[in-house]
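These notes are about the structure you will find just below.
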There are 2 protein chains.
Amino acid sequence: MPLWIDDEADERPRVPLSRRRVLRAAVELADQAGLDALTMRRVAQELGVEPMSLYHHVANKEAILDGVVEMVIGEILGAVEGEEGPDPAGDWQAALRWRILAAREVLLRHKWAPGVIQTRSSISEAAIAYYEGVLGILRAGGFTYDLAHHALHALGSRAMGFTQEMFEPDNPDDDMDPAMLEQMGMKYPHLAGMMAAIAHEAPETTLSWCDDNTEFSFALDLILEGLERRRLG
Amino acid sequence: MPLWIDDEADERPRVPLSRRRVLRAAVELADQAGLDALTMRRVAQELGVEPMSLYHHVANKEAILDGVVEMVIGEILGAVEGEEGPDPAGDWQAALRWRILAAREVLLRHKWAPGVIQTRSSISEAAIAYYEGVLGILRAGGFTYDLAHHALHALGSRAMGFTQEMFEPDNPDDDMDPAMLEQMGMKYPHLAGMMAAIAHEAPETTLSWCDDNTEFSFALDLILEGLERRRLG
DNA sequence: ACCTGAACACCGTTCAAGT
DNA sequence: ACCTGAACACCGTTCAAGT
């Protein structure tokens, strides 16, 4: 057992703490260990520092949550502004779809983020900038401000790539034991029928039969088409 | 100070604890004091009992959260099944809109519920029953099971009346101090333009310019119309 | 059987003290 | 100035004990 593997002795040559370093550690922690692991004490531990040291760089835990949201939306903003999407003056639907799917890709790397974002009461500047971009696309596509406003509400959190399903999507073992499925046919004939129909159509997917990306795109296109009709009508 | 006002001496004639009573107390507590107040210790206090007594009727706090979700969705189910809505065979859109708006009305009485529902990993039986009803409406309206399945995903949590906005809707003081609004015109011209356009159109509403019900209905109708178009081919 | 009290391992946070 | 240690007021929960 060589001594020089000791991973606590020389934790990097003393890079000083900073708000940014605290928030980066917090995001990494949530990515790796889930939102429940995001405690002041564990963030401090990750940084090799005493819990109380954090308070010199962030006001409190709420400020950390505000901060990680800021970082994630910043990452989204970087993704949509770093690359060139379709020209909104030519095809606003393609442009908006591109932007939203880019945002969604970032959120898939931070699955805990939507839940936190929705608990924030004030809108971060990064979010404002993102929405400004969405509005720009709609305007370039010929929307009045009034219709664009309705459009923002209609998209809701989906405008930033949120999935909006009723229950946690990441739960692979959504049980359904055979006995329960048996009696489901009696009490819930339509649900049983739907599952049978879909299992028949795509038998390879057993029972995790819903492809997230397909369903997200279906819903998004539905809304975009509806908005286009409102715009023309 | 009359003695008989003492509100701790004879807390009701000893009605025994039960799972149902625990859950009802939990729902009431969340309604009145918010989700943060929903702790084992406060629920117990509300029932005039020691915290540990709760564990004889619910497994742990997770079970309480599962339970309050069950109660709220049960209330939704009662609302949609207690009254007769439009006939889905005649107008499936009207029938589904009626069902969803009824669910939404219940959720407005339990604003904390959507956040909790979305943290549950397993689907409660009450939720299954609600969705069975939605599917029944779609089928009566002539949907294939396949399209009905897409429809459920497209509606997502909106199928149960969820608002799906990006940020907490109940925050009335979404600040926007004039100075910030001033420079917003420079950095975010489209947002500034939109706010100006809408303030012009509905000057009485100052800056809480978004009527939740209007926006919810706009989005819902957009989706229902889109689904109808898909159904017709 | 149902309820209780003390205790444990965790939180976020305050405060006074160190360098 | 930045970081620390002890302490406080809260959590959820285990366990052994009461009735």
Side-chain angles (χ1 to χ4, degrees), chain A residues 8-30 32-70 112 115-116 119-122, chain B residues 8-71 112 115-116 119-122:
Chain A
E8 217 166 33
D10 60 342
E11 282 266 337
R12 304 273 162 79
R14 263 281 157 243
V15 38
L17 224 48
S18 70
R19 179 180 135 88
R20 224 189 144 60
R21 232 158 72 74
V22 170
L23 296 183
R24 274 209 296 107
V27 169
E28 266 172 45
L29 188 59
Q32 287 162 18
L35 191 60
D36 287 344
L38 189 53
T39 69
M40 301 299 277
R41 284 163 146 97
R42 283 212 52 183
V43 172
Q45 185 184 314
E46 222 68 24
L47 290 162
V49 122
E50 294 299 311
M52 293 315 105
S53 304
L54 303 178
Y55 286 85
H56 290 274
H57 302 95
V58 293
N60 49 33
K61 188 174 179 183
E62 280 301 290
I64 288 196
L65 293 179
D66 287 343
V68 295
V69 164
E70 193 186 311
W112 49 271
V116 180
T119 66
R120 302 300 88 196
S121 52
S122 63
Chain B
E8 217 165 35
D10 61 341
E11 280 269 339
R12 307 270 163 81
R14 263 280 159 245
V15 37
L17 224 47
S18 70
R19 178 180 135 89
R20 225 187 143 62
R21 232 158 73 76
V22 170
L23 297 183
R24 273 210 294 108
V27 169
E28 266 172 45
L29 188 58
D31 286 343
Q32 287 163 18
L35 192 59
D36 287 344
L38 189 54
T39 69
M40 300 299 277
R41 284 162 146 96
R42 284 212 51 184
V43 172
Q45 184 183 314
E46 221 68 24
L47 290 161
V49 123
E50 294 300 311
M52 291 316 104
S53 303
L54 303 179
Y55 287 86
H56 290 274
H57 302 95
V58 292
N60 49 33
K61 188 173 180 183
E62 279 302 289
I64 287 195
L65 293 179
D66 287 342
V68 294
V69 164
E70 193 185 313
M71 297 222 83
W112 49 271
V116 180
T119 66
R120 302 300 87 199
S121 53
S122 63

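In what follows, chains carry the letters A, B, and so on, assigned in the order in which the sequence lines appear, proteins first and then strands, with residues in each chain numbered from 1. As a basis for the values below, the full set of heavy atoms in this structure was taken, side chains included, without hydrogen atoms, waters or symmetry mates.
Scanning both residues, B:His57 and B:Ser18, for their nearest heavy atoms gives CD2-CA, 3.6 Å.
In this structure, CZ of B:Arg21 is placed 13 Å from C1' of C:dC2, rounded to the nearest angstrom. Taking atom CG on B:Leu38 and atom P on D:dC11, their separation rounds to 11 Å, with Å as the unit. Remark: C1' of D:dG12 and CZ of B:Arg42 are 16 Å apart, rounded to the nearest angstrom. Taking atom CD of B:Gln45 as the reference point, atom P of D:dG12 lies 12 Å away to the nearest angstrom. Summarising the geometry, the separation between CG on B:Asp36 and P on D:dG12 is reported as 11 Å, rounded to the nearest angstrom. Going from atom CZ of B:Arg41 over to atom C1' of D:dC11 covers 6 Å, rounded to whole Å. Across the protein-nucleic acid pair, A:Glu50 atom CD and D:dC2 atom C1' stand 13 Å apart, rounded to whole Å. One can place CG of A:Leu65 at 12 Å from C1' of C:dG12, the figure rounded to the nearest angstrom.
Listed by first residue number, the stems of DNA chain C with at least three Watson-Crick or G-U pairs below 3.5 Å are C:4-8 with D:12-16, C:12-16 with D:4-8.
Note: B:Leu29 CG to B:Leu23 CG = 12.5 Å, rounded to the nearest 0.5 Å. In this structure, B:Glu70 CD and B:Arg19 CZ are separated by 4.5 Å, a value rounded to the nearest 0.5 Å.
Contacts between residues 51-63 of chain B and DNA chain C, defined by a heavy-atom separation below 4.0 Å, involve B:Met52, B:Ser53, B:His56, B:His57, listed by number.
B:Val69 has its side chain out of reach of B:Thr119: every pair of non-hydrogen atoms, C-beta onward, lies at least 4.5 Å apart. B:Leu17 is not listed as a side-chain neighbour of B:His56, based on a closest heavy-atom distance of 4.5 Å or more. Counting heavy atoms from C-beta outward, B:Arg24 and B:Glu28 have side chains that approach closer than 4.5 Å. Between A:Asp66 and A:Val58, the closest side-chain pair of non-hydrogen atoms is not below 4.5 Å.
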Next on the checklist: Checking B:Val22 against B:Tyr55 for the side-chain contact (heavy atoms from CB on, under 4.5 Å) test, could you report, in this order, the C-alpha distance in whole Å, the side-chain angles of both residues, the deciding distance, and whether it holds?
Outcome noted: CA-CA 10 Å; B:Val22 170; B:Tyr55 287 86; over 6 Å; no
Next on the checklist: Does B:Arg120 form a side-chain contact (heavy atoms from CB on, under 4.5 Å) with B:Val116? I'd like the steps, not just the answer.
Outcome noted: CA-CA 7 Å; B:Arg120 302 300 87 199; B:Val116 180; 4.3 Å; yes
